[in-house]
Asker: 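One structure coming up, written as structure tokens, with questions to follow.
It should be emphasised that the depicted structure is a prediction, and the values quoted were computed from it without experimental measurement. When reading the values below, keep in mind they use all heavy atoms of this one structure, side chains included, and skip hydrogens, waters and symmetry mates.
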Amino acid sequence: KIDREKLELDSFEYWWKAWHKKQGKKKAFAAWKKTIKSKDTEKVRELTNHIVEDVKFRIADLETGSDKFLGFDRMLAASYLNGECYNDDI
């Protein structure tokens with residue numbers, strides 16, 4: 001069984017690498033731990049992959065000049081997580 005702290009840190013770092021705005025890392029990590037708190041190892045992995053894909057999708061869409069996710073490029077990581085933006089219907 002993977003140590004919970006290692007799982008939290010590893011999954012966060014994987015997501016943080018995909019995140020575009022490298023500000024507020026401490027608050028983002030606190031929000032990350034809250035986001036995955038009640039999830040088992042497999043669910044954490046699934047959610048991490050889902051969130052990373054969502055971030056990549058939004059960034060790629062912005063790079064096309066689309067305004068569908070206008071403001072996403074300025075969003076702080078903790079706001080994205082606390083608002084559960086990764087669950088938006090897009």
Asker: Are T35 and E84 packed together at the side-chain level, in the sense that at least one heavy-atom pair is separated by less than 4.5 angstrom?
Answerer: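 Not touching, per the 4.5 Å side-chain cut-off.
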
Asker: Taking side chain as C-beta onward, heavy atoms only, is F29 less than 4.5 Å from W16?
Answerer: no

Asker: Give a yes or no on this: more than 12 heavy atoms of other residues, nucleotides or ligands lie within 6.0 Å of atom NZ of K43.
Answerer: no

Asker: CG of D67 to CG of L62: how many Å apart, nearest 0.5 Å?
Answerer: 9.0 Å

Asker: Can you tell me how far CE of M75 sits from SG of C85, rounded to the nearest 0.5 angstrom?
Answerer: 4.0 Å

Asker: Got R45 and T41 here, is their nearest side-chain heavy-atom distance under 4.5 Å?
Answerer: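 Of all side-chain heavy-atom pairs linking T41 with R45, at least one is under 4.5 Å.
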
Asker: Tell me whether K21 contacts the main-chain N or O of R74 through its side chain, where contact means a donor paired with an acceptor under 3.5 Å.
Answerer: yes

Asker: Quick one: pull up CH2 in W32 and OH in Y14 and give me the separation to the nearest 0.5 Å.
Answerer: 10.0 Å

Asker: Mind checking the CG-CD spacing from L47 to E42? Nearest 0.5 Å is all I need.
Answerer: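 Taking CG in L47 and CD in E42, the distance rounds to 11.5 Å.
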
Asker: Taking all atoms of both residues into account, what is the closest heavy-atom pair of H50 and N87, and its distance?
Answerer: NE2-OD1, 4.3 Å

Asker: With heavy-atom distances below 4.5 Å as the criterion, would you say the side chains of L81 and K34 are in contact?
Answerer: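 Heavy-atom side-chain distance check fails, nothing below 4.5 Å.
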
Asker: Would E13 and K25 pass as an ion pair if we require N to O under 4.0 Å?
Answerer: yes

Asker: Is the closest side-chain heavy-atom distance between Y80 and W15 below 4.5 Å?
Answerer: yes

Asker: Taking C-beta and beyond as the side chain, do I36 and F12 meet within less than 4.5 Å on heavy atoms?
Answerer: no

Asker: Please report the shortest heavy-atom distance between A77 and A28, naming the atom on each side.
Answerer: CB-CB, 3.6 Å

Asker: Less than 4.5 Å apart, side chain to side chain, heavy atoms only: is that true for I59 and F72?
Answerer: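 Yes, their side chains come closer than 4.5 Å.
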
Asker: Using a 6.0 Å cut-off, check whether atom NZ of K27 has over 12 heavy atoms from anything other than its own residue.
Answerer: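 No, NZ of K27 has 12 or fewer neighbouring heavy atoms, counting only those of other groups under 6.0 Å.
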
Asker: What distance separates N49 CG from D54 CG, expressed to the nearest 0.5 Å?
Answerer: 12.5 Å

Asker: Hey, could you give me the CG/OG1 distance between L7 and T48, rounded to the nearest 0.5 Å?
Answerer: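 Here the interatomic distance stands at 7.0 Å.
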
Asker: Look at the side chain of D88 and the backbone N and O of I90, then say whether any donor-acceptor pair between them is shorter than 3.5 Å.
Answerer: no

Asker: For atom NZ of K22, decide whether the heavy atoms of other residues, nucleotides or ligands shown that lie under 6.0 angstrom number more than 12.
Answerer: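 Buried by this count: over 12 neighbours within 6.0 Å.
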
